[in-house]
Amino acid sequence: MIAVPPLPSPIAIPGRARLAVDYVDTATPPEVLEDDHVLAVLGFGSAAPANLVDPRYLHVALEPYQGTAPYEVWRGHGPVRSGRDDGVAWASDGQLTFGVIEVDEADYASASDPTGIVGAATHAYRRIRAFQQDSATPHLLRIWNYLDGITQGEGDVERYRQFCIGRARGLGDFEPTRLPAATAIGRCDDARVLQIYWLAAHAPGTPLENPRQVEAWRYPREYGPQPPSFARAMLPPTMDRTPLLLSGTASVVGHATRHVGLLLGQLDETFANLDALIGAARTCEPRLPSTLDASSRLKVYVRDRDDLPMVAAALEQRFGTRVPCILLHAAICRRDLALEIDGVHGSPTAVHAP
Ligand code: 3EB
């Protein structure tokens, strides 16, 4: 009998999903991509290459604080196959799949959808569902959505609210209690391309909600005609070898924004929400570390460029260098939210290529 190794474990057992997420300082991503266990490499901002032929590489046009950030590297449990298929770039080790779709919004513009964001989101989510349903990894765990001008437009025609309509249309009859964890963040690059990437698995994960917050899919009408379709976090199917996946988390209690205009108040509330999510996850998976630590990886999105130094200093004060963070300039989907944090918690120790 093979004992289940405790978390974190560097031991790979073939046939069971494993994911290590690391922030890697490297001059060139092609070096990292030589490792055939690598599922995905994300490069942030203008210092990272914008185009590489490898489908496992994705450029994210969010500028890091002080110009450069490490690459985010996802390592799976075994040799990865990858390709492109009708608009979807994908990579899979058989248990986990990384997917990307980028949709030109202008292709979907019409009188009722002037920027095309509804149509682009509908198309993207239909395509994601179809692609995953036909694969060995049909279960969506986690989705990131990046779009320009996220809070442009007034009231119900604000682009984030319109994005939520398109996402829900594309998801179709998706059961709300089975929704994946997600992030929806604004780029500031004037490129009207909806960029979505995701992680899917061979077996379903366990979606989690935050006891301090209303389920996003039950938000009241005041936040738009279509409540956002996401779970607050996702416990992957093999928790001893894959981290807890934390959705974009902000200073929201119940459904309301807290600490409007108070940057550090919002930061503290956001960490209270992340702690509550970890607490909820630990009722299912007690081996998960009880607080954010060296097994966590955080992406911290800050709306106002001028706020970046203060957030950097507050993170340093809170964590020192214990918790790896990438700090990015990015718009948040509510105008009164100054920042948002997503990430993983309980990432297994990286296994580097032998
Ligand atoms: C919130 O709590 C903040 O629409 O996919 C966070 C994570 C937020 C995901 C999404 C939105 C999304 O409502 C906003």
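Whatever order the structure lists them in is the order used to number ligands and atoms, beginning at 1. These numbers come from the heavy atoms of this one structure, side chains and all, not from hydrogens, waters or symmetry mates.
- In Arg167, the part holding a heavy atom less than 4.0 Å from any atom of ligand 1 is the side chain.
- Enclosure of atom CZ in Arg81 is not indicated, since only 12 or fewer non-hydrogen atoms of other residues, nucleotides or ligands lie within 6.0 angstrom.
- With hydrogens and angles left out, the side-chain atoms of Trp74 and Asp22 include no donor and acceptor closer than 3.5 Å.
- The atoms of ligand 1 that sit less than 4.0 Å from any heavy atom of Ala182 are 5 (O), 7 (C), 9 (C).
- At a heavy-atom cutoff of 4.0 Å, ligand 1 is contacted by the side chain of Pro228 but not by its backbone.
- With respect to atom 14 (C) of ligand 1, the closest heavy atom belonging to the protein is Cys333 SG, 3.3 Å.
- Contacts between Ser247 and ligand 1, counted as non-hydrogen atom pairs separated by less than 4.0 Å, are absent for every part of the residue.
- In this comparison of Trp217, Phe230, Tyr160, the heavy atom closest to atom 4 (O) of ligand 1 sits on Tyr160.
- A cation-pi arrangement is present between Arg334 and Tyr223, with the terminal nitrogen or guanidinium carbon under 6.0 Å from the aromatic centre and inside a 45° cone about the axis.
- Open room surrounds CD on Gln317; 12 or fewer heavy atoms of other groups in view lie less than 6.0 Å from it.
- Scanning all protein heavy atoms for the shortest distance to atom 3 (C) of ligand 1 gives Glu340 OE1, 4.1 Å.
- Heavy-atom contacts from other residues, nucleotides or ligands closer than 6.0 Å to CZ of Arg84 number more than 12.
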Quiz item: Given the rule in the salt bridge (charged side-chain N to carboxylate O under 4.0 Å, His left out) test, do Arg75 and Asp35 qualify, once you have shown the distances and angles that lead to the verdict?
Solution: CA-CA 9 Å; Arg75 280 191 183 77; Asp35 178 348; 3.0 Å; yes
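- Scanning the protein heavy atoms around atom 1 (C) of ligand 1, the nearest turns out to be Tyr219 OH, 3.3 Å.
- Ring to ring, His123 and Tyr108 are close: their centroids are under 6.0 angstrom apart.
- Using a 4.0 Å cut-off between heavy atoms, Arg232 contacts ligand 1 through its side chain alone, with no backbone atom that close.
- Nearest to atom 6 (C) of ligand 1 among the protein's heavy atoms is Gly248 O, 3.2 Å.
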